[in-house]
Visitor: 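Got a structure for you, questions after.
Computed from heavy atoms alone, side chains included, the values below leave out hydrogens, waters and symmetry copies.
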2 protein chains.
Amino acid sequence: MSEHRANHDTRERILDVAERLFMENGYEATSMRLITGAAEVNLAAVNYHFGSKEALLREVFRRRLEWLNRERLAALDRLEQQAAGGPLKPSQILEAFFGTLLRMGEDESLGGMTFLRLLGRTLTEPAEFIRTFFAGEYEQVIDRYKLALFRALPDVPRAEIVWRLHFMLGAMSYAIAGTDVLQVVTGCGLRDLAGEGSAEGEPGDNVVARRLARRLMPFLLGGLRAPLPQPDDTSGQTQHRTPPAKR
Amino acid sequence: MSEHRANHDTRERILDVAERLFMENGYEATSMRLITGAAEVNLAAVNYHFGSKEALLREVFRRRLEWLNRERLAALDRLEQQAAGGPLKPSQILEAFFGTLLRMGEDESLGGMTFLRLLGRTLTEPAEFIRTFFAGEYEQVIDRYKLALFRALPDVPRAEIVWRLHFMLGAMSYAIAGTDVLQVVTGCGLRDLAGEGSAEGEPGDNVVARRLARRLMPFLLGGLRAPLPQPDDTSGQTQHRTPPAKR
DNA sequence: CTAAGATTAAAACGAACGTTTGAACGAGTC
DNA sequence: GACTCGTTCAAACGTTCGTTTTAATCTTAG
C-alpha cells in the first residue's frame, strides 16, 4: 500500500485526469484544485511538472496529437504509394483523415472517446493560446490533405474544396464532441452518443466510435461531392465551372 | 410601473455588449467587470437587471431565439400549407431551417454575425445550465423539423435521418462559429470567414453570411441525401433501408 | 412641492482562482 | 554518516471572481 509512486506516475495521472475534466467542464471551468484533487496529487504538482495550466492543456493534446498526426500522414503516404502517382479517390482520403481519428475513439490507450470529445469541444474554444496551438499542430497535416483533395477533385474549384473540408471538419467536430445540446439524437431514444452515466446495457466507447464512423463517413462524402453552388452576384469571385459531381 | 428610458438603455446596452464579449471570450472567460466596463454601466447593474451572470447569458440568447424559433416555425408552416398535405422536398426543409438562421447573420438588428458566432460557439459549451437551456428552447422546433424530414424521406430509416440532422447541425454550428482553428479556410488566403479586425476592403458581415449560406446549403443537402451506410456486424442494431424505425 | 419607487453608484463581501515559496522527503552515491 | 537531486508537501501569495449591501440619484405621480 504505502509504496511510493514512480517518477512519471504523477505526470501521467495528472494528464489522464485533466483530459477527462477538461472534456467534462471545459478549460476555464476546470480548476487546478479540481484536477489535483481528483488525481490525488499535490496542488503544486501541475506547475512543477508542466509549468502552468495552459502548458498542461497543451501537453494533454500534444501526447495524443503526436500519434494522430503521424498516423494521418502515414495513412496518406500508404495511399499515394499504392496509387503510384495517380490521384486518390475522395473516399480514400476521407477514410484516411477521419477514419484515423475515429479509430482513436475505439482505443482506450489512445485516449478513447474521452479525448475525442475533448478535441471536438476544444476546437471551438475562443482562447487565443488554444487557437494558435492547434493551428501549429495541424498545419502540416491539413496542407497535405488539402493537396490530396485538390488532386482528387481537379474539376472542383479549390476554394470550394477548402470550404467543404471546413464543413466536414465541423460536422466531425460536433459529432465527436457529442454534447447534442439540442437533443436531436438523445431525444429520440437513441442513447448511442450520450457519454455520461453508463447504465447496464450501454454500449462501450469503442462501439460508440465505430457506429459514429459508419454513419458519419457517408454523410461527409455526400457533402464533399454535392453539386456546386450557383455563382452569386454579390460575391466577388466568379467560377465558370459546371459541377461534375455525381450522385 | 412606468417606462424609464434609462432602464431600457442600460438593459439593452448590457445585452449588446455581453453578446459580443461572450462570443469573443466565451462565457467563463468573460467577467462581469469586463461586461459592465465595456457597456459603461455600474458593476451591480447586471445583477439588478438580470439577477445573475447565468441569467444574463440566457437573456442574451432568449431575445434572439424568440425571433428565430418563431420564424423557423412560420417558414415550415408556409411550406406545408403550400404543399397541401404532401411531403416537402428536403431542400425546402433545409432552406427553411438553415436559411432562416443564416439570414440573421445579414441583419444587424437580429444580432448579425456576432450572434451567429456566439451561437455556434455556445452549442458546444459543456456547462449544464447552458445545455438544459438550449434543450428547452429548441425542443419544439427540432421536433417539427424532424417530422418534416421523416415525411420527406420515407424510405430512409428515421434513426439515419436523425443522425444526419445532427451532422448538419454540426457543420453549420462550426461554420457559423467561424473560429477556423485549423486555419483551413483562413490559411488559404480567403479571409471570408475571419471575423476579427476588419481592415479596409473586408467584406461586411451581411456578405459573409450570404456567401456562407450559398456554400453551406449544397453541402448539407449532399450529406443528407448521401447513400446509406452499410450495416455493421459489431453493432446490435442492423438496419437496411427497409425497416421503418419506431418512435 | 414632496413622497415613493425605480435605477445607479461606490464599496465591500467571502470564496475561489493560478501561482509561488521554502521546507521536507526519498533514493542513490560517495 | 553527509551530500545531492528530483519530487512532494502544506501554506500562503496577490488577484480576480460573482454577488451583496447601503446610500445616493433620478423619474414620475399626487
Side-chain angles (χ1 to χ4, degrees), chain A residues 1-61 122 125-130 132-133, chain B residues 1-61 122 125-130 132-133:
Chain A
M1 284 298 183
S2 51
E3 297 272 312
H4 70 89
R5 295 193 285 263
N7 296 350
H8 65 297
D9 203 19
T10 300
R11 251 187 75 103
E12 286 286 307
R13 192 156 63 252
I14 290 175
L15 287 175
D16 288 339
V17 168
E19 186 173 63
R20 180 173 57 84
L21 292 179
F22 282 147
M23 179 271 286
E24 290 175 355
N25 315 316
Y27 173 75
E28 297 285 352
T30 303
S31 69
M32 307 275 277
R33 286 166 176 83
L34 192 63
I35 296 172
T36 55
E40 294 178 289
V41 301
N42 190 268
L43 171 60
V46 170
N47 285 286
Y48 174 77
H49 283 284
F50 303 98
S52 69
K53 191 186 174 187
E54 290 193 3
L56 169 62
L57 180 70
R58 274 193 293 264
E59 183 58 25
V60 164
F61 277 101
T122 311
E125 288 261 344
E128 193 56 36
F129 85 95
I130 295 179
T132 58
F133 170 72
Chain B
M1 47 196 187
S2 33
E3 309 88 344
H4 292 83
R5 175 162 284 279
N7 166 13
H8 181 270
D9 256 7
T10 300
R11 255 188 74 100
E12 285 286 306
R13 193 154 67 251
I14 290 175
L15 286 174
D16 288 339
V17 168
E19 185 172 64
R20 180 173 57 84
L21 292 179
F22 283 147
M23 180 271 285
E24 290 175 355
N25 314 315
Y27 173 76
E28 297 284 351
T30 303
S31 69
M32 309 273 280
R33 286 166 177 84
L34 192 63
I35 296 172
T36 55
E40 295 179 293
V41 301
N42 189 268
L43 171 60
V46 170
N47 284 289
Y48 175 78
H49 284 285
F50 303 98
S52 69
K53 190 186 175 187
E54 290 193 4
L56 169 62
L57 180 70
R58 274 193 294 263
E59 184 58 24
V60 164
F61 276 102
T122 311
E125 288 261 345
E128 192 56 35
F129 85 95
I130 295 180
T132 58
F133 170 73

Visitor: Please pick, from C:dT8, C:dT21, C:dT19, the nucleotide with the shortest atom-to-atom distance to any side-chain atom of A:N47.
Guide: C:dT19

Visitor: Between B:L21 and B:T30, what is the shortest heavy-atom contact and its length?
Guide: O-OG1, 3.2 Å

Visitor: Can you confirm whether B:V46 sits close enough to B:K53 that some side-chain heavy atom of one is under 4.5 Å from a side-chain heavy atom of the other?
Guide: no

Visitor: Mind grabbing the angle between the end helix axes of the helix from C:dC1-D:dG30 to C:dC30-D:dG1? Five pairs an end, 10° rounding.
Guide: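 Taking five pairs per end, the axes differ by 10°.
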
Visitor: Roughly how many Å is it from CZ in B:F50 to P in C:dT8, rounded to a whole number?
Guide: 11 Å

Visitor: Do B:T36 and B:V17 make a side-chain contact, defined as non-hydrogen atoms from C-beta onward lying under 4.5 Å apart?
Guide: no

Visitor: Measuring to OP1 and OP2 of D:dT7, would you say a side-chain N or O of A:T10 lies under 4.0 angstrom away?
Guide: no

Visitor: If you compare all heavy atoms of A:G26 against all heavy atoms of A:E125, which two are closest, and at what distance to 0.1 Å?
Guide: CA-OE2, 4.4 Å

Visitor: Rounded to whole Å, how long is the line connecting atom CZ of A:R11 with atom P of D:dT7?
Guide: 10 Å

Visitor: Can you find a heavy atom in the side chain of B:H49 that is under 4.5 Å from one in the side chain of B:E59?
Guide: no

Visitor: Output the rounded distance in Å from CD1 (A:I35) to P (C:dC17).
Guide: 11 Å

Visitor: Taking only N and O in the side chain of A:N42, is any of them less than 4.0 Å away from OP1 or OP2 of D:dA10?
Guide: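 Indeed, a polar side-chain atom of A:N42 lies that close.
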
Visitor: In plain terms, say whether A:R13 and A:E40 are close enough for a salt bridge, that is, a side-chain N and a carboxylate O under 4.0 Å apart.
Guide: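 Between A:E40 and A:R13 there is no salt bridge, as every charged N stays at least 4.0 Å from the carboxylate O atoms.
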
Visitor: Is any side-chain nitrogen or oxygen of A:H49 closer than 4.0 Å to OP1 or OP2 of D:dG6?
Guide: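 False: A:H49 side-chain N/O out of range (4.0 Å or more) of D:dG6 OP1/OP2.
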
Visitor: Please list, by residue number, the residues of residues 14-34 of chain A whose heavy atoms come closer than 4.0 Å to an atom of DNA chain D; answer none if no residue qualifies.
Guide: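 Within residues 14-34 of chain A, the residues near DNA chain D are A:R33.
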
Visitor: Going from CZ on A:R20 to CG on A:N25, what distance comes out if it is rounded to the nearest 0.5 angstrom?
Guide: 9.0 Å

Visitor: In Å, rounded to the nearest 0.5 Å, how long is the span from CZ of B:F133 to CZ of B:R58?
Guide: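 Going from CZ on B:F133 over to CZ on B:R58, the span is 7.5 Å.
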
Visitor: Rounded to the nearest 0.5 Å, what separation is found between the CG atom of B:L15 and the OG1 atom of B:T10?
Guide: 11.0 Å

Visitor: Distance check needed: C:dA9 P versus B:E40 CD, whole Å only.
Guide: 11 Å

Visitor: Rounded to whole Å, please give me the gap between OH in B:Y48 and P in C:dA6.
Guide: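 Rounded to whole Å, this separation is 7 Å.
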
